[in-house]
Amino acid sequence: MSGETVHAAPASSVSEKAVPGWFGLVPAITLAVLFLIPFAIMLSVSVAHRVPGGFFEPGFEWTSYERLLSPFFGRILYTSVAISAGAAAICIALAFPFTIFLAGMRHRVQTLVLVALLAVLSLSEVIIGFSISTLLSRTAGIGNLFAAIGLIDGPRSYTPGLFALMTGLCYLVFPYAVLVLYPPVSRLDPELRDAARMMGAGPLRTFFTVTVPLMRAPVLGASILVFVFTLGAFLLPQVLGRPNHWTLSVHITDQAIFQSNLPFAAAMAIVLLLVALLLVGLTLLLGRESGGRR
Amino acid sequence: MTRGLRLFYICFILFLLALPIIVVTGISLNEGRSLRFPPEGLSLRWYGALFQEGDWLQPLRHSLIIALSASLLSVTIALPLALYVWSRGNWLGRALHTLGIAPFMLPPVITALGFLVFWVSVGMYGQMLATIISHAIFLVTLPVVTISLGLRSIDMALVEAARTMGASRGQILRGVILPLIMPYIISGFAFAFVLSLNEYIVAYMVAGFTVETLPIKIFNSLRYGYTPIMGVVAVLFVALAIVVFGLIGRYGDLPRLMGSDRSGER
Amino acid sequence: MKRRSFLIGSAATGIGLMAAPAILRAQSAPLRIGTYGGYFQDSFDAHIFPDFTAETGIEVESIGQPTGEAWLVQLQQAARAGQAPADVSMMAQVARIRGQSAGLWAELDPEAVPNRANLPDHFVHAYDDGRFYGTGAVSWYITLVTNTDVYPEAPTSWQALWDPANRDRIGLLALASNSFLLEITATTYFGGTDILADEEGVMQVLEKLSEVRDNVRLWYRDEGQFQQALETGEIPMGQYYHDVTGLAAADGQPVRSTFPEEGAVLDSGSWVVSSASDAIDRAQIFINYMARPEVQAKLARFVGTAPTVARELTDLTDEEFNAVASDRTPILPYYDLYVERSDWVNQQWSEMITG
Amino acid sequence: MTALSLRGMSKRFGSLAAVDDVSIEIPAGCFVCLLGPSGCGKTTLLRLIAGLEEPSAGSLHAGGREITTLAPNRRDFGMVFQSLALFPHLDVADNIAYPLAIRGHGRRARMERVETLLELVQLPGLGARRIHQLSGGQRQRVAIARGLAIDPKVFLLDEPLSALDANLREHMQVELRQLQQRLGVTTLVVTHDQKEALTMADLVIVMNEGKVQQAGAPMKIYRNPANAFVAGFIGQSNLLPCTLGSDGSVDLAGTRLALDPQDRVKTKPGPAMLSIRPEDLRPDPQGPITARVAFIRDLGESVQIALDFGETRLQAVFAPRERPDVAIGDALRLAPAPGGIVVLAPPEAPAS
């Protein structure tokens with residue numbers, strides 16, 4: 001989960017002797033069989049022949065991919081990427097200072113905040129979607145509070161819509177963002193920031209000339225993780241968004257769960273997978289670069 | 001920014017994060033069979049109902065069995081994987097590390113769909129074992145990350161010292177390395193357990209209604225059921241997470257387990 | 001599935017052996033019957049299943065199933081793996097016909113279901129080669145529903161959906177194949193559903209339907225999403241099920257169901273048995289039981305659905321009958337469209353609602 | 001002129017007083033060492049002066065101006081951190097030029113200054129190196145150059161040499177002292193190494209448990225420790241429980257010792273602590289102290305002899321030529337050198 005763990009540990013003769021070589025085989029076989037083969041099957045399903053109104057039969061045809069080559073799906077892919085990127089950006093913008101402040105707190109406070117975050121992590125997408133739609137509704141939501149204070153004329157609804165969807169997505173991934181940023185941020189030597197202060201930099205200047213450049217790789221890694229994660233959200237866009245906010249993941253589940261069109265769902269998943277892999281690859285590259293500099 | 005402002009920011013964000021929990025808590029206290037917020041009439045009857053209504057007990061049992069077995073299995077896979085990656089810098093180590101990180105790094109919908117076609121092909125769709133294995137693979141990343149974190153914090157001098165004192169490979173593993181990374185193994189297990197308990201899309205695609213878990217049941221009750229029990233379940237799960245991680249925080253060094261190196265200094 | 005064998009090999013056999021206990025399901029397990037969850041399931045649990053068990057001694061496990069399409073896919077996938085999440089299911093017509101073309105439903109013995117004689121022909125389902133596999137279970141109307149606090153006056157026509165005054169206030173079903181909005185639009189603006197016979201006509205209807213987009217606040221996939229919002233007045237108008245709305249109104253909720261002047265959509269559900277079920281005998285007993293006129297009357301009284309047997313066979317009073325049905329000519333779904341051109345309609349529909 | 005003036009400064013973390021009511025005047029151009037065991041509050045005191053911590057009480061003045069709550073970035077102080085805190089994302093030149101860039105100096109001016117500073121710390125031409133390409137000693141010099149880049153009013157160093165090996169450390173101590181004398185900058189160094197303090201400082205401030213135990217010139221503190229803690233911490237000292245008589249003599253577990261007028265008495269008659277440096281114990285056939293030789297270390301430049309004196313162990317040091325002709329087990333009579341004795345309050349006496 002941690003963005004900075006992507007580089008493999010350096011080989012050490014001592015550690016090597018402590019672990020027998022066959023230890024690698026068990027997880028290698030397990031993951032190959034149970035993780036890689038599913039993807040291979042998915043690949044074969046994506047080119048299988050769809051039986052309209054029925055299931056699918058083995059075959060090799062590009063029909064499902066051809067169906068994706070339309071302005072309609074181009075727009076959906078664009079929407080998915082734009083919404084996820086937006087949510088990731090907002091989430092990191094909130095989580096990065098949060099993590100920095102958290103890492104500067106007393107040990108006990110840090111423990112409490114971490115427990116709170118881990119508790120929030122245990123809310124499923126279903127509950128988050130439902131609660132936020134309640135919170136943003138006209139009848140029971142924060143609109144009533146605003147109206148009571150006199151901020152707005154009467155209670156109004158903020159859901160469904162882009163705002164509600166962004167709120168939900170940010171909520172969903174915020175704990176992950178903090179937990180991924182936490183190790184590198186808390187390992188950042190606080191004396192570096194003190195040094196900048198001593199040399200005349202104000203807090204903001206210190207943040208932008210010291211903290212941000214040093215944390216560039218972890219922040220990018222966390223952003224990409226959060227981005228990919230939101231790319232896979234399929235319930236929140238349905239519950240909190242309008243149809244034009246439905247992401248590729250919504251359409252994938254739609255095809256798989258409602259239309260029984262597994263070849264088409266698989267084809268869309270493969271496309272989404274390629275987009276995600278592209279970005280994970282990017283993280284690995286960035287991680288390696290920063291790893292060499294230490 | 002001053003210390004006070006920083007604390008305010010943290011508290012404000014925590015407050016926002018708490019809002020949905022307040023909503024589900026409110027809903028779970030409804031007297032009638034409706035999901036109203038603020039609740040109409042306060043009652044704890046739905047908390048009792050969860051353990052009496054058979055159609056909620058069964059998913060509860062499923063969820064607990066799946067979460068327990070899946071997180072055990074994922075630790076069983078993650079431990080040798082992390083040890084191997086830690087000890088070897090070869091291609092297999094690198095490949096394994098990527099394989100261990102990938103399941104959780106991909107959009108869950110994709111992983112779920114992969115499992116769906118896999119289990120349909122194998123003929124195990126709809127069996128609890130399929131859900132358990134799928135969850136174990138999907139969540140294996142969490143113990144991999146925490147155990148790797150623990151391994152990297154080991155002082156190699158300890159291993160060298162053990163060797164000079166004549167310990168065999170197995171003795172070093174059991175007597176030195178495992179005790180040192182045990183807290184990280186436990187936190188990885190807790191992570192996987194709590195997330196498996198709340199996982200929806202993989203469980204739904206792999207077994208759907210045949211092996212109904214609590215999140216699936218909650219979603220269904222949101223679709224049709226109108227019972228505040230779904231709020232009860234959410235509240236209990238949050239409480240469970242607080243207890244599990246609270247205990248880890250109470251008896252261990254949670255910031256350190258989460259990867260902080262300099263906690264305890266201040 | 002031939003691919004299975006070489007892709008998975010021996011590893012899977014090992015896993016399969018571990019899973020063996022799950023396969024050895026006890027013969028004495030209760031009969032698992034799926035009905036739509038929520039009010040519907042509750043009503044069956046309270047009024048139908050106990051009497052059935054009392055009379056036949058067959059234990060029932062009630063399963064809340066999701067929207068027809070999702071349930072069909074689940075049954076299909078489960079059947080391929082030799083599993084049956086439920087023995088008997090209540091399937092809406094589109095899902096039933098799709099299951100029929102996939103050969104998913106178990107063949108039943110017509111002799112074991114003598115009460116099928118009570119049902120009109122279109123509620124006795126058989127494969128093309130004549131093998132009998134299911135019967136009509138219940139009928140229901142999809143009507144125009146409103147929140148009575150927000151709309152003191154009931155709307156009279158489906159045209160209310162297009163009324164600019166209702167901007168951002170409407171909830172509609174999100175799937176073409178269970179909302180039947182194409183039929184509603186065709187009947188309201190194109191004089192009937194005949195226009196849906198060809199793709200050109202469907203496109204015309206979709207064009208008209210796309211005008212409601214600005215009025216729609218929620219395209220819902222599952223009932224609960226909309227019902228809560230309707231009751232609180234959050235989304236005060238939409239299309240919904242007559243039966244459930246009636247039950248909610250009887251509960252004191254400020255909601256009403258209106259049969260528009262163009263007619264309400266009449267859809268129905270049928271009892272079918274998954275081919276993976278090993279309880280066909282008991283399933284037949286249940287299906288036969290449900291086709292009795294007095295059971296149909298009880299459904300109308302307690303569940304609020306319209307009977308699938310001829311009205312004359314039941315002892316329903318006019319008042320009771322009118323509460324669950326209407327004399328107005330109903331809008332009948334154009335089922336062929338969703339079976340023969342499902343992918344095409346689904347694609348056009350998605351493009352329409354996502355705007 | 002006073003460069004820094006601390007008045008009643010305290011810093012509490014919860015119930016712990018890390019710095020407790022500290023008042024010091026530091027003259028301009030002075031090289032000050034804050035000396036004490038780890039956890040004595042010396043680093044906290046340095047951070048209070050830097051402005052990185054806010055005092056719980058007291059005030060701080062620099063150059064006649066009160067700066068108690070002034071932000072650290074407005075103090076124009078230079079600082080070298082224990083970890084050095086060099087920016088890994090910048091090269092050597094940019095690290096040194098950082099405070100100049102903050103102050104808006106032009107690029108040309110910055111680079112000229114960097115060159116001057118690199119020469120000052122004897123690292124000419126290394127400006128383009130990255131930090132991880134430097135050795136420990138080189139990093140040390142870069143950190144010092146960076147701290148001096150703006151001609152700071154006060155130069156603060158937090159255990160700057162602790163990461164270096166012994167040889168390099170001694171070398172750097174001399175170099176740092178020379179550099180400071182050349183520049184004349186008021187310098188405060190935190191250290192736990194008393195030799196380091198004695199090597200470099202004009203003024204040593206000994207701290208323990210948050211309090212200043214003694215402040216003064218190194219030799220003055222060495223010769224004339226204010227209390228048992230200082231006597232034990234600075235250099236080696238034989239600390240012996242004794243009873244101070246009202247007649248100017250002490251009783252050492254039965255052995256009576258007459259005090260010389262040059263000896264110092266810093267406590268009232270009664271139970272006390274006698275401090276005598278190992279080099280102040282002289283062999284003397286008529287000496288009042290008789291002890292048994294327990295161990296002899298011949299170090300060439302000197303001879304150290306450990307002796308058992310009743311229950312306690314005494315250390316004595318002699319020049320090779322003065323080495324008494326004794327073997328382990330022999331009795332040796334010793335006399336304190338005149339002025340070598342300091343009679344201190346017993347350590348368990350409550351602080352006044």
Side-chain angles (χ1 to χ4, degrees), chain A residues 1-2 5 8-11 14-16 18-19 23-24 26-28 30-31 34-35 38-39 41-42 45 98 101-102 106-107 110-111 114-116 118-120 122 124-128 130-132 134-135 140 179 182-183 186-187 203 228 231-232 234 249 252 256 265 269 272-273 276 280, chain B residues 1 6 9-10 13-14 17 19-20 23-24 37 77 80-81 83-84 86-87 89 92-94 96-97 99 103 105-110 113-115 117-118 121 137 141 145 148 156 159-160 172 194 198 200 215 218-219 222 234 237-238 241-242 245-246 249 254-255 258-261 263-264:
Chain A
M1 215 180 57
S2 162
T5 57
V14 182
S15 57
E16 191 163 329
V19 178
F23 264 43
V26 180
T30 319
L31 288 174
L34 296 169
F35 185 65
F39 278 96
I41 297 179
M42 194 158 78
V45 168
F98 183 92
F101 297 162
L102 174 64
R106 283 203 315 278
H107 186 256
Q110 289 193 36
T111 306
L114 285 173
V115 169
L118 291 164
V120 168
S122 79
S124 66
E125 214 181 322
V126 186
I127 296 286
I128 294 173
F130 174 77
S131 306
I132 289 183
T134 306
L135 275 169
L179 291 178
Y182 183 69
S186 63
R187 282 159 193 241
V228 172
L231 212 51
F234 79 102
S249 296
I252 292 174
L272 191 62
L273 177 69
V280 171
Chain B
M1 217 182 293
R6 278 179 270 166
Y9 180 78
I10 287 192
I13 294 268
L14 285 180
L17 290 176
L19 280 178
V23 170
V24 288
F37 184 83
I77 299 169
L81 190 154
L83 281 168
Y84 188 87
W86 170 68
S87 65
L92 183 60
R94 284 194 296 276
L96 267 180
H97 189 248
L99 259 184
M105 291 278 271
L106 296 176
V109 165
I110 295 178
L113 196 66
F115 283 131
V117 294
F118 178 73
S121 305
I137 301 293
T141 307
V145 167
S148 302
M156 286 317 295
V159 179
E160 284 164 12
I172 292 179
V194 166
N198 294 285
Y200 173 75
I218 289 175
F219 194 40
L222 269 179
F237 276 11
V238 168
I242 290 178
F245 291 112
L254 193 59
M258 295 292 115
S260 164
D261 227 10
S263 65

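Only a predicted model underlies this, so the values are computations on that prediction, with no experimental measurement involved. By convention in this document, chain letters (A, B, ...) are assigned in the order of the sequence lines, proteins followed by strands, and residues within each chain are numbered from 1.
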Most heavy-atom pairs under 4.5 Å with chain A, out of B:Leu14, B:Ile10, B:Val238, belong to B:Ile10
Side chain, backbone, both or neither: which part of A:Phe98 has a non-hydrogen atom closer than 4.5 Å to chain B? both
Of B:Val24, B:Leu92, B:Leu254, the largest count of non-hydrogen pairs under 4.5 angstrom with chain A goes to B:Leu254
Decide yes or no on side-chain contact (heavy atoms from CB on, under 4.5 Å) for B:Ile137 and A:Leu31, but give the supporting numbers first. CA-CA 7 Å; B:Ile137 301 293; A:Leu31 288 174; 4.0 Å; yes
If you count heavy-atom pairs under 4.5 Å between each of A:Val26, A:Leu102, A:Val126, A:Thr30 and chain B, which one has the most? A:Val126
Can you label the angle between the B:Tyr9 ring and the A:Phe101 ring as parallel, tilted or perpendicular, going by 30° and 60°? perpendicular
Which residue out of B:Val23, B:Leu17, B:Ile77, B:Ile13 racks up the most heavy-atom pairs below 4.5 Å with chain A? B:Leu17
Between A:Thr111 and B:Gly249, what is the shortest heavy-atom contact and its length? CG2-CA, 3.8 Å
If you count heavy-atom pairs under 4.5 Å with chain A, which of B:Val194, B:Ile242, B:Leu99 comes out on top? B:Leu99
Mind listing the closest non-hydrogen atom pair of A:Phe23 and B:Tyr84 along with its distance? C-CD1, 4.2 Å
Show the nearest heavy-atom pair for residues A:Val228 and B:Pro107, with the distance to one decimal. CG1-CD, 3.3 Å
Could you tell me which portion of A:Thr134 (side chain, backbone, both or neither) has an atom closer than 4.5 angstrom to a non-hydrogen atom of chain B? side chain
Side chains of A:Pro38 and B:Val117 in contact at under 4.5 Å (non-hydrogen atoms): no
Within the 4.5 Å heavy-atom criterion, are A:Leu114 and B:Pro255 side-chain neighbours or not? yes
Criterion side-chain contact (heavy atoms from CB on, under 4.5 Å) on B:Leu106 and A:Phe35, from CA distance to verdict: CA-CA 12 Å; B:Leu106 296 176; A:Phe35 185 65; 3.8 Å; yes
Please name the residue in the list A:Leu273, A:Ile252, A:Leu272, A:Val45 that meets the side-chain contact (heavy atoms from CB on, under 4.5 Å) test with B:Leu113. A:Ile252
Heavy-atom pair with the smallest gap, counting every atom of B:Ile110 and A:Ala269: CD1-O, 3.5 Å
For A:Ser186 and B:Ser260, work out which heavy atoms get closest and say how close. OG-CA, 3.0 Å
Looking only at A:Leu231, A:Val120, A:Leu135, the option with the highest number of non-hydrogen pairs under 4.5 Å against chain B is A:Leu135
For B:Ala241 and A:Ala119, which heavy atoms make the closest approach, and how far apart are they? CB-CA, 3.9 Å
Which atoms of A:Ala28 come close to chain B, meaning under 4.5 Å heavy atom to heavy atom: side chain ones, backbone ones, both, or neither? both
